**Q** 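Here you go, one structure.
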There are 2 protein chains.
Amino acid sequence: MTRWLDDDEQRTWRDFLAATQLVNEALDRQLQREAGMPHTYYMILVALSEAPERSMRMSELAARAQSSQSRLSHAVARLEERGWVRRHRCDSDRRGNYAVLTTEGFAALAAAAPGHVAEVRRSLFDVLTPEQVGHLAEICAALRNTLEQ
Amino acid sequence: MTRWLDDDEQRTWRDFLAATQLVNEALDRQLQREAGMPHTYYMILVALSEAPERSMRMSELAARAQSSQSRLSHAVARLEERGWVRRHRCDSDRRGNYAVLTTEGFAALAAAAPGHVAEVRRSLFDVLTPEQVGHLAEICAALRNTLEQ
DNA sequence: CCATTTTACTTGAACTCTCATATACTTAGC
DNA sequence: GCTAAGTATATGAGAGTTCAAGTAAAATGG
């Protein structure tokens, strides 16, 4: 009944898990150490920094930062405590909330970015050949298109 | 000073994050829903099931299950509460501990496996062409070799 | 319009993970 | 042998995540 993984698939799957975990751990450690935030918070700040007025509705922010709504809600509460993000009610739809990146939040992001990018290079791009990077791009786009929403 | 990511790299990086997160979330949800355990616990049970006597030293188990020692320690404590794993002191080195998979633990793993493998196929192998799977295997092996230890 | 459903977001509790530290045993050096 | 250093694991606190439930405001539809 069950189609088990053959040896090649088994090896690929385990390498996939190990590799992606290693990359994510490297990233998280770098950001935690040098910027005092987890990668998920960094992604929220990035998404906000790219939005008009550095401001976005909570639900759109959740989508852009690849976060669940609940996770985002908790995270923004923490970021607000640090003064990096502010929330304010939306007038046209009073259920809604905007999250706004503060000046201090933008500064924290700007301070964190160089170390982060260096880690991204170290743990992903520098490890692979240009051809492999191209393949990876196609693979990830395919996965994303299929699995998203 | 900082070598920022160009547009292609940016896109690849974001697709990488999204894709790997989607796969991991799909996996975790499936296991939590159908087997009542997170993927990290599943990996621990798998590693134990493949060991001689279904038994392994904690530190070796941590390495095989890609877990930190602390995480493993906590996880095995929980698994012990469920009766899926037992711990017993090692005689030759009395600092050491063996973790042993119980019969019930093996049964839980056996019950969870088919649904898990199906999810692995659904969220990874079925999405990609055979060629892409080959590329992914090379990429992940390269990452693992470089980033491990 | 009024009741129902849906949408947007928050909250609290339970759980897992990380980091720093503690404990217990072993190995090395002298 | 005895002390210092190292190894194997556990533990506790703090932080983040998830899931289920709660609140509040819009949209739907007779």
Side-chain angles (χ1 to χ4, degrees), chain A residues 21-22 24-45 55-82 84-100 149, chain B residues 21-22 24-45 55-82 84-100 149:
Chain A
Q21 194 183 319
L22 285 164
N24 276 305
E25 282 174 357
L27 244 73
D28 238 337
R29 258 198 306 275
Q30 185 279 325
L31 278 171
Q32 196 67 62
R33 204 176 47 233
E34 294 178 26
M37 64 180 128
H39 187 218
T40 49
Y41 286 24
Y42 185 86
M43 288 170 75
I44 292 168
L45 299 186
S55 156
M56 222 185 286
R57 286 287 290 269
M58 289 296 281
S59 39
E60 204 199 329
L61 182 53
R64 300 255 178 189
Q66 283 144 224
S67 170
S68 71
Q69 291 231 126
S70 173
R71 180 158 90 194
L72 180 67
S73 219
H74 286 295
V76 167
R78 299 296 158 277
L79 290 169
E80 222 172 0
E81 288 168 10
R82 299 189 200 184
W84 290 354
V85 170
R86 252 186 357 255
R87 256 187 285 220
H88 71 78
R89 288 239 151 255
C90 170
D91 286 328
S92 58
D93 181 346
R94 284 199 300 212
R95 295 166 300 182
N97 252 335
Y98 283 99
V100 190
Q149 92 269 29
Chain B
Q21 194 183 318
L22 285 164
N24 275 306
E25 282 174 358
L27 244 74
D28 239 337
R29 257 198 307 275
Q30 185 278 326
L31 278 171
Q32 196 68 61
R33 203 176 48 235
E34 294 178 24
M37 64 180 129
H39 187 218
T40 49
Y41 287 22
Y42 184 87
M43 288 171 76
I44 292 167
L45 299 185
S55 155
M56 223 186 284
R57 285 288 292 268
M58 289 295 282
S59 37
E60 203 198 330
L61 182 52
R64 299 256 178 188
Q66 283 144 225
S67 170
S68 72
Q69 294 231 125
S70 173
R71 179 159 89 195
L72 180 68
S73 216
H74 286 295
V76 167
R78 299 297 158 277
L79 290 170
E80 221 172 1
E81 287 168 10
R82 301 189 199 184
W84 290 353
V85 170
R86 253 189 353 256
R87 256 188 281 220
H88 71 78
R89 289 239 152 254
C90 170
D91 286 329
S92 58
D93 180 346
R94 286 198 299 210
R95 294 165 302 181
N97 252 336
Y98 282 99
V100 190
Q149 90 269 31

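Bear in mind that the values here come from a model prediction, so they are computed numbers and not experimental data.
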**Q** Rounded to whole angstrom units, what separation is found between the OH atom of Y98(A) and the P atom of dA8(C)?
**A** 12 Å
**Q** What's the closest nucleotide to the S68(B) side chain, out of dT18(C), dT9(D), dC9(C)?
**A** dT18(C)
**Q** Identify which nucleotide among dG16(D), dC9(C), dT26(C) has an atom closest to any side-chain atom of Y41(A), counting heavy atoms from C-beta outward.
**A**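 It is dG16(D).
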**Q** Closest to the R95(B) side chain: dT9(D), dG6(D), dT17(D)?
**A**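 The answer is dG6(D).
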**Q** What is the minimum heavy-atom distance between R57(A) and C90(A), and which atoms define it?
**A** NH1-SG, 3.6 Å
**Q** When the distance from CD of E80(B) to C1' of dT11(D) is rounded to whole Å, what number comes out?
**A** 14 Å
**Q** Of S92(A) and R82(A), whose nearest nucleotide on DNA chain D comes first from the 5' end?
**A**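 Its nearest nucleotide being more 5', the pick is R82(A).
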**Q** Between R94(A) and dC9(C), is there a contact of a side-chain N or O with OP1 or OP2 at under 4.0 Å?
**A**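 No, no such contact exists.
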**Q** Should we say atom CZ of R86(A) is surrounded by more than 12 heavy atoms from elsewhere, each under 6.0 Å from it?
**A**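 Count not over threshold, so no.
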**Q** Starting at atom CD of E81(B), determine the distance to atom P of dA10(D), rounded to an integer number of angstrom.
**A**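 It works out to 14 Å between those atoms.
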**Q** Just to verify, what does R95(A) make a salt bridge (charged side-chain N to carboxylate O under 4.0 Å, His left out) with, not counting sequence neighbours?
**A**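 For R95(A) the salt bridge (charged side-chain N to carboxylate O under 4.0 Å, His left out) partners, ignoring immediate neighbours, are D93(A).
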**Q** Quick check: closest heavy atoms across Y98(A) and S55(A), and the distance to 0.1 Å?
**A** CD2-OG, 3.5 Å
**Q** Rounding to an integer number of Å, can you tell me how far Q66(B) CD sits from dC17(C) C1'?
**A**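 In whole Å, dC17(C) C1' and Q66(B) CD are 16 Å from each other.
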**Q** At under 4.0 Å, does any side-chain N or O of R57(B) touch on OP1 or OP2 of dT9(D)?
**A** yes
**Q** Closest-nucleotide mapping onto DNA chain C: is P38(B) or G96(A) further toward the 5' terminus? I mean the 5' end.
**A**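 Here G96(A) is the residue nearer the 5' end.
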**Q** Closer than 3.5 angstrom, by distance alone: can the side chain of E80(B) be matched with the main-chain N or O of R87(B) as a donor-acceptor pair?
**A** yes
**Q** For DNA chain D, find the residues of residues 25-37 of chain A with a heavy-atom distance under 4.0 Å and give them by number; none if there aren't any.
**A** none
**Q** Would you say that Y41(A) contacts R82(A) through its side chain, given a criterion of any heavy-atom pair below 4.5 Å between the two side chains?
**A** yes
**Q** Going by modelled atom types, is there a donor-acceptor pair between the base of dT9(D) and the side chain of H74(B) at under 3.5 Å?
**A**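 No, the side chain and the base share no sub-3.5 Å donor-acceptor pair.
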**Q** Can you see which heavy atom on A99(B) is nearest to which on V85(B), and at what distance?
**A**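 For A99(B) versus V85(B), the nearest heavy atoms are CB-CG1, 4.1 Å.
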**Q** How close or far is atom P of dC9(C) from atom NE2 of H88(A), stated in whole angstroms?
**A**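 These atoms are roughly 12 Å apart.
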**Q** Using a cut-off of strictly less than 4.0 Å, decide whether R87(A) has a side-chain nitrogen or oxygen near OP1 or OP2 of dC9(C).
**A**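 Looking at the OP1 and OP2 atoms of dC9(C), neither is under 4.0 Å from any side-chain N or O of R87(A).
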**Q** Starting at CZ of R71(A) and ending at P of dT16(C), how long is that distance when rounded to a whole Å?
**A** 17 Å
**Q** Is there a donor N/O on one and an acceptor N/O on the other, under 3.5 Å, for the side chain of H39(A) and the base of dG16(D)?
**A**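 Such a pair does not exist between side chain and base.
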**Q** Among dT10(C), dT9(D), dC25(C), which nucleotide has an atom closest to any side-chain atom of N97(A)?
**A**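 Selected nucleotide: dT10(C).
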**Q** How about CZ on R71(A), more than 12 heavy atoms from neighbouring residues, nucleotides or ligands closer than 6.0 Å, or not?
**A**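 Enclosed: over 12 neighbouring heavy atoms sit under 6.0 Å from CZ of R71(A).
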**Q** For S70(A), which contact category applies under a 4.0 Å heavy-atom criterion: base, sugar-phosphate, or nothing?
**A** base
**Q** Taking atom P of dA10(D) as reference, at what distance in whole Å does atom CZ of R78(B) sit?
**A**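 It works out to 12 Å between those atoms.
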**Q** Let me know the distance between CG of L79(B) and C1' of dC15(C), rounded to the nearest Å.
**A**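 Between C1' of dC15(C) and CG of L79(B): 13 Å.
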